[in-house]
2 protein chains.
Amino acid sequence: MLKLAILGFLYDRPLHGYELRRHLVALTGHIRPISDGTLYPAIKRLEADGLLTRETEPGTVAAPRHTLHLTPAGRAALFDWLRAPEDLDISDENRWFTVLAFLRHLDAPADQAAVLRRRLAFLSEPASFFYEGTRPLRAEDITDPFRSGVLLVARATSQAEITWLHDTLALLETT
Amino acid sequence: MLKLAILGFLYDRPLHGYELRRHLVALTGHIRPISDGTLYPAIKRLEADGLLTRETEPGTVAAPRHTLHLTPAGRAALFDWLRAPEDLDISDENRWFTVLAFLRHLDAPADQAAVLRRRLAFLSEPASFFYEGTRPLRAEDITDPFRSGVLLVARATSQAEITWLHDTLALLETT
DNA sequence: CCGATATACCTCGGGGTCGAGGTATTGTCG
DNA sequence: CGACAATACCTCGACCCCGAGGTATATCGG
């Protein structure tokens, strides 16, 4: 997740940790803040896996900076992930948004469309949120205003996204 | 998160682990599946903290069941959490939905309204998802269809939820 | 009566995340 | 000139989650 967001940002241009952090904060930070204790070990792991290299430059503003460059293996890992996201990347909105943020890096519109279709399939599945004993509750049966809020918002979200998915899939097919 | 969902479900009625699991799967399982290796240790932790007790009953259908009962301390912990959710519970949609699923357990409408207002404040904050170098990008500046999809869906979601929040807050004030 | 399935629970290792804390440099304001 | 903020990076322990695997009982079809 974090791992792939890092690769995605570095694909555009080499960054040093602090800049990378700003990008990550913009992408998901308002939802779920990202701490140094998460970011720097993640960078180390990626370096250890050979997906990126660090080049130390004398600090232009402050302490010496480690500019991070994606390796060919790093680019390959990014493409692999984008072509075949895990189920969690499809179902969890936060992760899904991260996939979308970098999906343009895939060059084949057919590959992009395939990913969008997986999300569409997921959103089209009926989901029941609540149970009364063993019986799943329908939206109409729920009297609690907060729980019906959950259903209302969830449905509005899927509707908006399904519409967008159809539009974008149509657009990809004309390409 | 999981912890509080467990307390929330047990508040309604005592359940054994397997039933609890079904409830949890219905609530968030289609987004993010919950594994045994997560659930049972969580139950153990709650028991160790004195928030629930386990009563072993001879299995009615299969293996002996451990029926889980909320203790007074468990009920108190649930109320504390609902009255003052963490920032992450407010900002992360998955967690927020869990808060909403159990918010009816608070008996004071003023307390419920205060929680809804925190979510409203969060959704009203302007958020920029993407940067070009150091400059935050506006929705109009984004040409990538996938990234503009992120913005479009995010905006549709907040709009729907803001409307619902206003309606529900009005409803709570008449009570 | 055998195997499959559903019920029901548990452990363990690997791995990721977090917050708290630490180090060091440069620029800015009073 | 001294304090402070911003830049820039790093470590550590605590904690939580996950998947893989294991145990055991009841029921039902063939």
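Each chain gets a letter, A, B and so on, in the order its sequence line appears, and its residues count up from 1.
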N/O (side chain, [X]) to phosphate O (OP1/OP2, [N]) under 4.0 Å:
X	N	answer
R21(A)	dA8(D)	no
R45(A)	dG16(C)	yes
H16(A)	dC9(D)	yes

Within 45° cone and under 6.0 Å: R147(B) NZ/CZ vs F102(A) ring: yes
Spacing of D49(B) atom CG relative to dC16(D) atom P, expressed in whole Å: 9 Å
Difference in axis direction between the ends of the helix from dC1(C)-dG30(D) to dG30(C)-dC1(D), five pairs, 10°: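 The end-segment axes of the helix from dC1(C)-dG30(D) to dG30(C)-dC1(D) are tilted 30° relative to each other.
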Non-hydrogen atoms of E173(A) and R117(A) that approach each other most closely: OE2-NH2, 3.9 Å
Distance-only donor-acceptor hits, side chain of residues 77-88 of chain A, under 3.5 Å, sequence neighbours excluded:
unit_1, atom_1, unit_2, atom_2, d
W81(A), NE1, D89(A), OD2, 3.1
D87(A), OD1, R118(A), NH2, 3.1

Candidate pair H30(B) and E125(A), rule side chain to side chain donor-acceptor pair (under 3.5 Å), full reasoning: CA-CA 9 Å; H30(B) 58 296; E125(A) 279 168 23; over 6 Å; no
Distance-only donor-acceptor test (3.5 Å): side chain D36(A), base dC9(D):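 Checked by distance alone, the answer is yes.
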Contact residues, residues 80-98 of chain B to DNA chain D [heavy atom, < 4.0 Å]: none
Nearest listed nucleotide, side chain of T38(A), among dC10(D), dC18(C), dG16(C):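 Closest nucleotide to the T38(A) side chain: dC18(C).
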Closest nucleotide among dC18(C), dC10(D), dA8(C) to the Y40(B) side chain: dA8(C)
